[in-house]
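The block underneath contains the structure these notes are about, expressed in structure tokens.
Everything numeric in this text was worked out from a predicted model, so none of it was measured. No hydrogens, no waters, no symmetry mates; every other heavy atom, side chains included, goes into these values. Chain identifiers are assigned alphabetically (A, B, ...) following the order of the sequence lines, protein sequences preceding nucleic acid strands; residue numbering begins at 1 within each chain.
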Amino acid sequence: MLRDLRVPIPVLARFAPLASTFGLIVVMFGLSILVPLIVSHVLGDGAEGAYDEAVAITLVAGAVLWLASRRYSGELQVRDGFLLVAAVYLVLPIFATLPLMLQIEGLSFTDAYFEAASGFTASGASVLSDLDRLPASINLWRAQLIWMGGMGVVVLAVAILPLLGVGGSQVFKAETPTPMKDSKLTPRITETAKGLWRVYLLLTVACGVAYWLAGMSAMGAVIHAFTTIGLGGFSSHDASFGHWNSPLIEAVAIVFMLIASINFATHFVVFRQRALAPYARDPEAALVVLAMLGSAILVAVFLFGHGVYDSFPTALRYATFNVVSVASTTGYSNTDFGLWPIFAPLWMLYLCCFASSSGSTGGGIKMIRALVLLKQSVREFTRIVHPRAVAPLRIGGNPVSNTLIFAVLAYMLVYGLTMVGLSLLLTATGLDFITAFSAVTACINNMGPGLGQVGPATTYAVLTDFQTWLCTIAMLLGRLELFTLLVVFTPAFWRK
Amino acid sequence: MLQTLRAPLPVLARYAPLAQTLALIVMIFGLSLALPAVIAHLLGDGAETAYDEALAGTFACGALLWLAARGHRGELQVRDGFLLVALAWTVLPAFATIPLLLVLPELSFTDAYFEAVSGLTTSGATTLSDLDKLPPSINVWRTQLVWMGGMGVMVLAVAILPLLGVGGAQVFKAETPGPMKDTKLTPRITETAKGLWAVYFGMTFVCIVGLKLAGMTWLDALIHAFSTMGLGGFSSHDASFGYWDSPAIEAVTIVFMLAASLNFATHFLAVRRRSFLPYARDPEAGMVMLAMLGSVLMIALYLWWTATYPSFWTALRFSAFNVVSIASTTGFANTDFALWPIFAPLWMLYLSCFATSSGSTGGGMKMIRALVLLKQSFREFTRIIHPRAMVPLKISGHAVENNLIFAVLAFMLVYGATMVGMSLLLTATGLDFITAFSAVAACINNMGPGLGQVGPAANYAVLTDFQTWVCTIAMLLGRLELFTLLVVFTPAFWRK
């Protein structure tokens with residue numbers, strides 16, 4: 001009886017805090033379109049009108065939603081987190097398509113949404129070609145999507161997912177900048193975000209300046225700093241980094257791709273404590289760097305051994321850039337590595353499944369989960385030999401609870417099933433095996449280019465609409481760590 | 001001090017019971033060569049002396065080992081089980097190569113060992129061509145290896161692995177014919193084996209008669225009954241079942257492949273109680289049938305829809321035979337299914353990973369493990385929505401304990417890692433992706449033909465020696481449920 005009085009319009013009241021938060025996010029997203037708008041007006045690159053309309057539509061939509069739901073005050077609950085995250089990653093790409101569709105004639109909504117989702121999930125798979133001839137502001141907008149997506153993902157991994165208990169993400173580094181015990185969503189996320197974003201911004205500026213000093217134009221430096229730190233991989237050139245053919249620029253890219261593959265929470269602690277010790281204490285950082293650089297040497301030796309490159313230094317240069325790029329789920333290339341003997345690109349593809357750190361802007365299952373899986377396998381050997389022994393699984397010295405291990409294992413299963421299922425669907429619709437398999441791997445890991453028909457020298461434009469949507473879903477699933485998105489579609493989620 | 005007195009030759013005494021048992025197995029194995037020897041002598045096919053020599057040599061080796069180990073009495077211990085199983089499956093193939101090497105002088109030991117392992121692991125991958133021109137007794141020997149391997153595997157799955165606690169094999173049906181509580185290896189295994197083998201013999205006999213009535217010669221009926229019941233897939237014809245092009249023969253084979261894909265312990269109960277109820281209570285039987293027959297229908301529709309076959313009924317016939325053959329890990333073919341649109345063979349390949357029942361002669365990770373994995377994934381969704389709920393994982397009404405789920409999950413991980421690792425290794429040695437991937441999948445699942453260069457129309461002779469050994473190891477690993485073999489190579493296993 002009391003309840004009935006307190007909640008006159010229950011559904012609205014239930015979702016009002018969610019809607020008003022979402023409305024605010026849309027408004028901010030609309031404001032972010034001002035960056036390419038201003039650039040476009042300054043450069044006069046012919047795309048000005050597109051941004052004017054896009055800003056207006058997005059701002060109005062967000063403001064209406066915010067105004068409509070503002071009156072019903074309330075706290076965001078944990079379960080709202082799933083909906084909010086899903087809504088942000090599904091709906092914002094729609095607004096992001098506005099400048100693309102208004103500017104590029106002949107671009108279908110399917111392709112535009114794919115491009116926007118690819119940006120916002122920091123994947124870097126593209127359906128666009130002739131990038132060099134696009135208005136500069138469009139390339140800036142594409143790269144900016146990646147950069148903003150990266151900001152989203154850092155906060156998602158460090159502050160939101162552990163709270164939602166998704167896929168064992170509680171094992172993600174406990175040493176976050178803010179108090180962990182607060183279970184209310186908003187203050188916790190705000191605090192964490194502030195700390196992480198400061199580091200993110202700083203590293204982006206450093207990356208941009210380094211690119212500029214290494215020889216990029218100012219615009220190129222901004223665009224590629226955005227996509228490097230976001231580990232996205234969009235470029236403003238069809239030839240990607242092959243455009244410059246400059247070892248210096250590639251070296252800068254490699255360093256910053258490696259940095260962005262490490263947990264930003266660790267970077268934050270390093271900045272605050274002015275000490276490198278946090279990297280040593282991070283259970284992932286060393287493994288990430290080791291996996292990437294070790295693979296770079298392995299692939300270099302393999303390429304040199306197969307006579308793909310005449311000299312070992314050349315092989316090392318191409319191996320390092322492309323291996324780090326793919327393994328960190330960035331997706332740049334400075335040569336068509338799809339033409340290398342198949343072992344090399346396959347190794348890179350497998351690497352991108354797990355080589356980046358949790359709390360980084362990279363995709364895949366993350367190094368920490370790979371570590372849990374590996375240790376769990378080793379533990380099973382011990383259990384077979386000593387059936388009664390109790391051997392806890394430890395990460396960084398701390399035992400990991402069984403519930404968490406189960407969550408990580410379930411994550412792995414759903415990840416594997418999704419990959420198998422989606423690649424079978426792609427082959428059923430007519431793609432060859434290597435294209436289907438690599439497209440799904442590249443998309444679910446938010447990496448970008450695949451092999452075969454979607455290799456680094458081509459784009460995803462060859463796919464049919466249905467296939468494009470499958471890849472879009474793979475990117476969204478991968479970015480939202482599968483369960484965050486999937487759980488919203490289970491009936492149990494909506495039951496009281 | 002007492003210990004030193006009691007065991008003057010500690011190592012010998014420790015392994016004597018093991019050596020004795022192995023010696024007995026080798027002698028029995030040697031005697032089994034009598035069957036092809038008798039057939040060779042009856043038919044005068046030119047291979048007579050090979051069996052005489054092989055029989056004498058194998059029996060002598062076994063007898064020598066037995067005599068040497070005779071003096072030291074002792075019980076087999078649980079840990080000896082791992083060694084015995086590993087030795088049986090690696091040493092017996094070496095003896096099995098003797099007739100092959102004697103009759104086929106061109107055959108290398110690598111290829112002969114591959115062929116013998118392929119037989120004893122009931123895989124059916126072959127390095128031989130011109131099968132029709134081989135002495136018939138050689139084809140009998142090849143398929144007899146499959147049949148005997150099937151006998152071994154059934155007892156392994158039902159009696160030995162659950163005792164060793166490998167890969168969660170304890171979830172394999174508890175209702176076995178022999179007494180379960182006896183932890184001594186020998187009596188338990190003897191009892192179980194008697195019951196299971198009676199059923200196996202009976203079904204093989206019915207299969208021989210069935211194939212004869214459908215139109216095979218007695219010799220072909222024997223050969224193909226052996227490889228059908230063992231779910232091996234060796235044939236005496238290069239064209240496999242395409243040789244007869246007879247729907248009747250294919251129908252008989254499909255029925256027996258399906259029967260052999262079910263748990264023989266369930267068959268045993270059904271026969272003893274003269275009731276079909278045990279099939280209904282078996283958590284796997286229904287799923288196995290559903291997976292195979294459902295896929296038959298789906299692939300038939302797909303082939304018809306892609307106009308691979310003009311009529312639905314032709315599509316259904318070819319789909320039924322090849323899908324059941326691959327999914328049950330047999331590996332017969334009545335057409336080159338590798339020429340079908342890639343989705344169909346890929347689906348069949350994935351199916352072979354899990355579509356057979358535990359306690360059957362099939363390979364792969366087994367339906368019961370797939371069931372546990374699926375339920376564990378669902379459980380994770382529930383846990384995310386209700387973080388404090390205790391949801392037990394149930395298989396046919398019984399809660400499965402956490403340790404078992406962990407074991408199954410670890411099995412899955414090691415299985416996946418082995419597949420990825422080995423296919424990468426094969427691509428690194430020069431194979432294309434689809435050949436490498438399908439060869440490893442076909443071998444680790446003990447299925448037989450892959451796709452690409454090792455497809456149903458070709459054979460494994462194209463592989464280099466190194467690649468052949470990789471495939472041999474894959475077959476052994478798959479048959480011995482990975483851990484049984486791998487654990488023997490861990491230092492912890494050999495520590496006191």
Where do A/Tyr89 and A/Leu485 land on the side chain to side chain contact (heavy atoms under 4.5 Å, CB included) test, with the steps shown first? CA-CA 9 Å; A/Tyr89 277 86; A/Leu485 191 54; over 6 Å; no
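- Residues A/Phe304 and A/Tyr309 keep their aromatic ring centres 6.0 Å or farther apart.
- Residue B/Trp89 places its CH2 atom among more than 12 non-hydrogen atoms of other residues, nucleotides or ligands, all under 6.0 Å distant.
- With a 4.5 angstrom heavy-atom cutoff, A/Leu426 does not touch chain B via any of its atoms.
- Note that the OG atom of B/Ser377 and the CE atom of A/Met412 stand 11.5 Å from one another [nearest 0.5 Å].
- Listed by chain and residue number, A/Asn445 satisfy the side-chain hydrogen bond (donor to acceptor under 3.5 Å, both in side chains) test with A/Tyr415 (two or more places apart in sequence, or in another chain).
- Put simply, of B/Phe406, B/Phe343, B/Trp347, the one with the most heavy-atom pairs under 4.5 Å next to chain A is B/Phe406.
- The CE atom of B/Met447 lies 5.0 Å from the CG atom of B/Leu349; values are rounded to the nearest 0.5 Å.
- Chain A forms the most heavy-atom pairs under 4.5 Å with one residue out of B/Val414, B/Asn402, B/Asp432, and that residue is B/Asn402.
- For the set B/Leu424, B/Leu431, B/Val487, B/Ile434, the count of heavy-atom pairs under 4.5 angstrom toward chain A peaks at B/Leu424.
- With a 4.5 Å cut-off on non-hydrogen atoms, B/Leu451 does not touch chain A at all.
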Test side chain to side chain contact (heavy atoms under 4.5 Å, CB included) on A/Lys366 and A/Tyr411; report intermediate values, then the result. CA-CA 11 Å; A/Lys366 310 291 179 304; A/Tyr411 183 86; 5.5 Å; no
Could you give me the CA-CA distance, side-chain angles and deciding distance for B/Leu156 and B/Leu480, then say whether side chain to side chain contact (heavy atoms under 4.5 Å, CB included) is met? CA-CA 8 Å; B/Leu156 192 66; B/Leu480 301 185; 3.9 Å; yes
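- Contact count versus chain A (heavy atoms, under 4.5 Å) is highest, among B/Leu409, B/Asn403, B/Thr429, B/Leu425, for B/Leu409.
- B/Tyr350 touches chain A through its side chain: at least one heavy atom from C-beta onward sits under 4.5 Å away, while N, CA, C and O do not.
- In this structure, B/Ser438 and B/Leu346 have side chains that are not in contact, with every pair of non-hydrogen atoms separated by 4.5 Å or more.
- Ranking A/Val414, A/Thr490, A/Val420 against chain B, the residue ahead of the rest is A/Val420, based on heavy-atom pairs under 4.5 Å.
- Neither the backbone nor the side chain of B/Phe378 comes within contact range of chain A, judged by heavy atoms closer than 4.5 Å.
- Using cut-offs of 30° and 60° for the angle between ring planes, the A/Phe493 and A/Phe82 rings count as perpendicular.
- Heavy atoms closer than 4.5 Å to chain B are found in the side chain of A/Tyr350, but not in its backbone.
- Chosen from A/Leu409, A/Leu424, A/Asn402, the residue pairing most often with chain B at heavy-atom distances under 4.5 Å is A/Leu424.
- Each of A/Ser423, A/Pro341, A/Ser377 has some count of heavy-atom pairs under 4.5 Å with chain B, and the biggest count is that of A/Ser377.
- Contact annotation for A/Phe381: both backbone and side-chain heavy atoms come within less than 4.5 Å of a heavy atom of chain B.
- Comparing B/Ser423, B/Gly416, B/Gly430, B/Ala428 by how many heavy-atom pairs each has under 4.5 Å with chain A, the most go to B/Ala428.
- With chain A as the partner, the residue from B/Thr306, B/Thr382, B/Leu373 showing the most heavy-atom pairs under 4.5 Å is B/Leu373.
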